[in-house]
Amino acid sequence: MSARNLQRKLAAEQTTFHEQVQLTKKILAERYLQETSLPTIDVAYLLGYTETSSFARAFKNWTGKTISEVKSN
């Protein structure tokens with residue numbers, strides 16, 4: 001599929017590629033933090049973040065929760 005065709009299909013669904021990537025990262029982050037014993041730095045790395053602080057900020061924006069709040073549940 002061409003990039004333009006994908007862009008049209010996503011627009012028809014009222015979303016963007018960036019929004020879908022962010023949603024996927026959010027879902028994976030929640031799953032990794034809740035269902036594994038991976039350290040936060042490893043979760044950040046798996047999701048493409050080089051800095052844990054950047055990942056923590058993004059996670060707070062996605063979920064409204066801190067990483068420690070999610071890990072403790």
Side-chain angles (χ1 to χ4, degrees):
M1 174 182 300
S2 71
R4 182 65 187 128
N5 195 21
L6 175 61
Q7 187 178 20
R8 275 194 291 274
K9 288 182 184 274
L10 290 171
E13 297 292 327
Q14 298 180 341
T15 190
T16 64
F17 183 76
H18 178 75
E19 289 171 345
Q20 293 303 304
V21 169
Q22 294 304 307
L23 177 62
T24 301
K25 285 182 176 184
K26 173 189 178 274
I27 292 167
L28 288 172
E30 289 178 316
R31 184 164 292 157
Y32 289 147
L33 294 170
Q34 291 173 347
E35 299 176 10
T36 71
S37 59
L38 289 171
T40 302
I41 193 166
D42 290 345
V43 174
Y45 176 78
L46 287 170
L47 297 175
Y49 291 89
T50 56
E51 298 288 330
T52 305
S53 59
S54 298
F55 168 62
R57 201 170 25 261
F59 188 80
K60 178 79 171 178
N61 287 337
W62 297 328
T63 65
K65 301 174 190 171
T66 64
I67 291 169
S68 57
E69 288 174 326
V70 172
K71 276 189 158 187
S72 66
N73 290 336

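- Residue Lys71 qualifies as enclosed at atom NZ: its count of foreign heavy atoms under 6.0 Å is above 12.
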Check the pair Lys26, Gln22 against side chain to side chain contact (heavy atoms under 4.5 Å, CB included), reporting the backbone distance first and the verdict last. CA-CA 6 Å; Lys26 173 189 178 274; Gln22 294 304 307; over 6 Å; no
Assess the residue pair Phe59 and Val70 against the criterion (side chain to side chain contact (heavy atoms under 4.5 Å, CB included)); give the C-alpha distance rounded to whole Å, side-chain angles, the decisive distance to 0.1 Å, and a yes or no. CA-CA 10 Å; Phe59 188 80; Val70 172; 3.5 Å; yes
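- By the criterion of side-chain heavy atoms lying less than 4.5 angstrom apart, applied directly or through intervening Ile, Leu, Val, Met, Phe, Trp or Tyr residues, Leu28 is grouped together with Leu33 in one hydrophobic cluster.
- Here Thr16 pairs with nothing under the side-chain hydrogen bond (donor to acceptor under 3.5 Å, both in side chains) rule; sequence neighbours left out.
- A distance of 11.0 Å separates CZ in Arg57 from OG1 in Thr52, rounded to the nearest 0.5 Å.
- In the displayed structure, Leu23 atom CG is contacted under 6.0 Å by more than 12 heavy atoms of other residues, nucleotides or ligands.
- Taking each heavy atom of Leu47 and Lys25 in turn, the nearest pair found is O-CE, 3.3 Å.
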Could you list the donor-acceptor pairs under 3.5 angstrom formed by side chains in residues 1-14, with sequence neighbours left out?
from : atom 1 : to   : atom 2 : distance (Å)
Ser2 : OG     : Asn5 : N      : 3.0
Arg4 : NH1    : Gln7 : OE1    : 3.0

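- Of all heavy-atom pairs between Gln20 and Thr15, the closest is NE2-OG1, 2.9 Å.
- By the 4.5 Å heavy-atom criterion applied to side chains, Leu46 and Leu38 are counted as neighbours.
- Considering CD1 of Ile67 and NZ of Lys60, their distance stands at 10.5 Å, rounded to 0.5 Å.
- Applying the ring-ring contact (aromatic ring centres under 6.0 Å, His included) test to pairs two or more places apart or on separate chains, those with a residue in residues 31-54 are Tyr49-Phe55.
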